[in-house]
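Here is the structure we will look at, set down as structure tokens.
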Amino acid sequence: MRAARQGKPAAGGVALLVALAVWLLPAVARAQLRVGFYDTTCPNAEALVRQAVAAAFARDAGTAAGLIRLHFHDCFGCDASVLLTVNPGGGQTERDAAPNNPSLRGFDVIDAAKAAVEQSCPRTVSCADIVAFAARDSAALTGSVSYQVPAGRRDGHVSNASDTVDLPPPTSTAKELTDLFAAKNLSVEDMVVLSGAHTVGRSFCESFVDRVWNRSAKPPAAIVDAGLSSSYASLLRALCPSNTTRATPITTAMDPGTPNVLDNNYYKLLPRGMGLFFSDNQLRVDTAMAALVSSFAANETLWKEKFAAAMVKMGRIQVQTGTCGEVRLNCSVVNPSSSTIELGSSAPAADEDGGVATS
Ligand code: HEM
Ligand SMILES: *[C@@H]1O[C@H](CO)[C@@H](O)[C@H](O)[C@H]1NC(C)=O
Ligand SMILES: *[C@@H]1O[C@H](CO)[C@@H](O)[C@H](O)[C@H]1NC(C)=O
Ligand SMILES: *[C@@H]1O[C@H](CO)[C@@H](O)[C@H](O)[C@H]1NC(C)=O
Ligand SMILES: *[C@@H]1O[C@H](CO)[C@@H](O)[C@H](O)[C@H]1NC(C)=O
Ligand SMILES: *[C@@H]1O[C@H](CO)[C@@H](O)[C@H](O)[C@H]1NC(C)=O
Ligand SMILES: *[C@@H]1O[C@H](CO)[C@@H](O)[C@H](O)[C@H]1NC(C)=O
């Protein structure tokens, strides 16, 4: 448009075409996931997942937080790779890597949902879609946040612990958070919006213990990390011994007031020095991020709208669709045939007979 006003209609036309192509490209890529993907092949799919999530939530409200985080950790490549207990290629799985084990939870809920869905419509609904549906249902149960989930994800064949380097650790700086989300095409705003999920759930001590104990000092000395209120720091120090390890089975709610409610409290806690992780507090330190934090603290409706949209956006990261990947029969393991198929052989045929033996 600007080019045309400058009196270069030809250049303007080219610019328009380029703009159109750029606008169409992602639309074509996006078209592969769609709302109602199972409407004809498995009309009960979303209801069955919802029932499994509701049943688990009734037993333990914390599962909702677990399922929201599970979707995030799967989605830095949404292909259910985080569910695998065995890496067909050998080596440590994503599920066993430090950011996920022991803190990631909700696997049993996914398995229950999968069992129900397999009974109703065998070999049809992918584990990656179940994870996406379950996260949405968890947001509905905890925060009346509702959105439709475009589906049609396929399950991947690989789980590799080294893929978790894409996930931000709780020691990330604002710059590191920005870069890690940008690597997945998520903006600073998406990152700040999605971080609001820390209004539900819990954390093990290991993720924040170094903010309250200096463990290089002999003996370990009490400290208060920048941005942490001293009273909150004392509380956390009393909770978590300085000899905490990843296996120490002590957890604390990230939003102590309402740990099972998806509200905008996260943004209200940050300025009070009650962001649990170093990374949470970084959202106050960076000016652009801090402005977003204030706007979400001031307007919960605004945050919930943006959260729903950002969850959908996150759910599109590095998906496999069409004939890529597979629909896993058991979310914990790849299908027997796919692990023995040589590249170039007829994958769909092998998939049909499904009887190729493994290990
Ligand atoms: C911005 C970068 C992020 C960092 C550095 C981060 C870090 C963490 C850490 C360290 C924990 C606790 C793990 C433990 O128990 O030790 C946690 C928990 C959690 N995170 Fe994040 N996270 C981030 C973004 C997100 C996003 C994008 C979501 C989802 C949209 C999310 C949802 C959750 C939830 C719900 C929990 C609680 C899980 C439970 O109770 O089982 N986080 N996060
Ligand atoms: C896991 O990923 C790393 C880094 O890309 C690679 O070196 C390694 O071979 C992979 N392992 C498996 C079993 O695929
Ligand atoms: C981000 O977008 C670019 C351009 O559309 C694309 O090439 C790239 O694969 C995307 N990355 C991810 C992780 O989705
Ligand atoms: C932690 O203790 C070590 C050793 O006494 C000291 O050099 C370091 O400055 C302390 N760090 C902090 C953050 O207090
Ligand atoms: C950690 O410290 C506590 C006391 O604070 C002690 O009771 C416990 O045995 C220690 N654990 C390990 C593994 O050293
Ligand atoms: C809060 O955000 C909603 C949704 O964007 C908007 O409609 C509403 O006007 C905002 N409220 C205030 C007080 O700004
Ligand atoms: C799925 O696979 C795991 C790991 O092999 C196994 O323990 C579990 O029983 C299987 N679940 C079903 C429903 O077959």
Side-chain angles (χ1 to χ4, degrees), residues 18-33 71-79 81-82 94 102 128 132 143-147 150 152-154 156 158 160 162-168 177-194 196 204-206 209-210 212-215 217-222 234-250 262-264 267-268 291-322 324-325:
V18 169
L20 196 68
V22 167
W23 177 76
L24 277 174
L25 266 178
V28 167
R30 278 202 305 268
Q32 294 179 310
L33 291 186
H71 185 43
F72 165 48
H73 281 213
D74 187 38
C75 263
F76 268 44
C78 314
D79 63 350
S81 55
V82 77
E94 221 175 300
S144 306
V145 169
S146 66
Y147 58 91
R153 294 167 192 79
R154 308 263 296 174
V158 179
N160 189 331
S162 63
D163 287 341
T164 56
V165 299
D166 291 1
L167 291 168
L177 292 172
T178 302
D179 292 348
L180 285 164
F181 277 69
K184 304 292 177 181
N185 290 339
L186 294 176
S187 67
V188 164
E189 181 174 299
D190 294 329
M191 189 275 290
V192 175
V193 165
L194 289 168
F204 284 79
C205 290
E206 180 69 0
V209 68
D210 289 316
V212 297
W213 284 113
N214 179 350
R215 301 196 287 174
K218 300 278 178 282
S234 307
L235 218 117
L236 297 174
R237 202 178 302 118
L239 182 73
C240 299
S242 59
N243 61 5
T244 286
T245 67
R246 191 149 70 85
T248 303
I250 303 171
L262 195 71
D263 52 22
N264 65 342
Y267 303 103
K268 296 178 179 168
L292 290 163
V293 166
S294 319
S295 71
F296 301 145
N299 190 338
E300 186 171 69
T301 311
L302 174 70
W303 172 67
K304 285 189 172 179
E305 281 178 12
K306 294 205 181 247
F307 184 72
M311 286 291 277
V312 172
K313 190 170 171 188
M314 186 174 83
R316 296 185 187 280
I317 298 169
Q318 291 166 320
V319 292
Q320 300 191 39
T321 53
C324 295

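Each residue takes its place number in the sequence, starting with 1. Side chains are part of it too, since the values below use all heavy atoms of this structure and drop only hydrogens, waters and symmetry mates. The model shown is predicted, which means the values in this text are computed figures rather than measured ones. Start at 1 and go down the list; that is how both ligands and their atoms are numbered.
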Measuring from atom 1 (C) of ligand 3, which candidate in V319, N185, L186, I317 has the nearest non-hydrogen atom?
N185
Nearest non-hydrogen contact to atom 2 (O) of ligand 5 from the set T248, N243, T245 belongs to N243
Taking only heavy atoms of L302, which atoms of ligand 6 are found under 4.0 Å from at least one of them?
2 (O), 5 (O)
Should the ring pair F76 and F181 be called parallel, tilted or perpendicular, given that the plane angle runs from 0 to 90° and is split at 30 and 60?
perpendicular
Specify whether the nearest protein heavy atom to atom 9 (O) of ligand 5 is under 4.0 angstrom away.
no
Could you tell me if the side chain of N214 sits less than 4.5 Å from the side chain of P220, heavy atoms only?
no
Please identify which atoms of ligand 3 are closer than 4.0 Å to at least one heavy atom of Q318.
13 (C)
Counting from 1 in the order shown, the ligand 3 atoms closer than 4.0 Å to a non-hydrogen atom of A183 are 13 (C)
Nearest neighbour in protein (non-hydrogen) for atom 5 (O) of ligand 6:
E305 OE1, 3.4 Å
Which residue and heavy atom of the protein sit nearest atom 13 (C) of ligand 6, plus the separation
N299 ND2, 4.5 Å
Donor-acceptor contact present, side-chain [X] to main-chain [Y], <3.5 Å:
X: R237; Y: V212; answer: yes
X: W303; Y: V193; answer: yes
X: R316; Y: P150; answer: no

Applying side-chain contact (heavy atoms from CB on, under 4.5 Å) between D190 and each of M314, K306, K313, report the one that passes.
K313
